[in-house]
Every structure is written in C-alpha cells, then in structure tokens.
Amino acid sequence: MIRMAIAGAAGFVLVFIESYLVMILKGYTTIEFGGISPFVSVWAMNFFLVFSILTHAKLWYDERAQEREAQTEQ
C-alpha cells in the first residue's frame, strides 16, 4: 500500500519534471497535454515505472535481509 502511495505521488511529480525538460529542450513556453486523458495516460506510465522500481527494491532488500540473518546464525 505504501508503494502505491509513493508511486502515485512520484508519478505525478515525474509528469511535471518531464514537461519542464521538454520545455527547456524544445524552447517552449507552455505545454498543452490535450485534455485530461493524455495527462492521466502519462501519469499512469510513470506510476507503473516507479511502482516496478520500488517492487524490485523491496525484493532486493528482503533478499539482503535474509542473507544477513543467515550469516548471523552461523
């Protein structure tokens, strides 16, 4: 549940970071998303990107904790 909340917020922030980078690189002053649907689509892609990264990080951390626990038992 925490991963979903973090991914939702981070995905929203990434939309604005990406928009800002496009504005700088292309020399635009504004960006028109074309409505709420394209904006939500970009947010959803960012959400799943961050969620998959956080899931991988959690699995890595759990595996590492198991290795440490096995070393302390020896």
Side-chain angles (χ1 to χ4, degrees):
M1 196 68 165
I2 292 174
R3 281 182 290 162
M4 289 179 67
I6 293 171
F12 192 73
V13 170
L14 280 176
V15 170
F16 291 103
I17 292 172
E18 292 165 354
S19 300
Y20 183 70
L21 288 173
V22 168
M23 286 172 50
I24 289 173
L25 293 175
K26 298 263 186 176
Y28 296 162
T29 55
T30 61
I31 290 185
E32 175 66 35
F33 285 102
I36 192 73
S37 181
F39 181 82
V40 170
S41 296
V42 172
W43 173 79
M45 288 186 291
N46 289 334
F47 171 86
F48 287 113
L49 173 69
V50 174
F51 187 79
S52 65
I53 290 170
L54 291 174
T55 300
H56 182 72
K58 180 185 180 298
L59 293 174
W60 172 80
Y61 180 78
D62 290 343
E63 182 180 313
R64 195 158 187 231
Q66 286 177 351
E67 289 175 3
R68 286 182 183 167
E69 185 178 309
Q71 287 178 351
T72 58
E73 289 177 359
Q74 291 178 357

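Given the structure is predicted, the values throughout are model-derived calculations rather than measurements.
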Next item on the list: Group every Ile, Leu, Val, Met, Phe, Trp and Tyr by side-chain heavy-atom contacts under 4.5 Å, then state whether Ile17 and Met23 land in the same group.
Entry: no
Check: Hey, is CD1 on Ile2 packed in by over 12 heavy atoms from elsewhere, all under 6.0 Å?
Finding: no
Notebook entry, point to check: Would you say the ring centroid of Trp43 lies under 6.0 angstrom from that of Phe47?
Noted result: yes
Notebook entry, point to check: Who else is in Tyr20's hydrophobic cluster (ILVMFWY, side-chain heavy atoms under 4.5 Å, direct or via others)?
Noted result: Ile24
Next item on the list: List, by chain and number, the other hydrophobic cluster members for Trp60, where Ile, Leu, Val, Met, Phe, Trp and Tyr join if side-chain heavy atoms come within less than 4.5 Å, directly or indirectly.
Entry: Tyr61
Check: How would you list, by chain and number, every residue that makes a side-chain hydrogen bond (donor to acceptor under 3.5 Å, both in side chains) with Ser41, sequence neighbours excluded?
Finding: none
Can you give the donor-acceptor pairs under 3.5 Å from side chains of residues 49-57 to other protein atoms, not counting sequence neighbours?
from	atom 1	to	atom 2	distance (Å)
Ser52	OG	Phe48	O	3.1
Ser52	OG	Leu49	O	2.8
Thr55	OG1	Arg3	NH1	2.9
Thr55	OG1	Phe51	O	2.8

Next item on the list: Return yes when atom CZ of Phe33 has more than 12 non-hydrogen atoms of other residues, nucleotides or ligands closer than 6.0 Å, and no otherwise.
Entry: yes
Checklist line | Val42: partners by side chain to side chain contact (heavy atoms under 4.5 Å, CB included), with sequence neighbours left out | finding: Val15, Glu18, Met45, Asn46
Check: Distance from Glu69 atom CD to Gln66 atom CD, nearest 0.5 Å?
Finding: 7.5 Å
Item checked: Met4 atom CE: more than 12 heavy-atom contacts under 6.0 Å -> no
Checklist line | Qualifying residues under ring-ring contact (aromatic ring centres under 6.0 Å, His included), relative to Phe16, sequence neighbours excluded | finding: Phe12
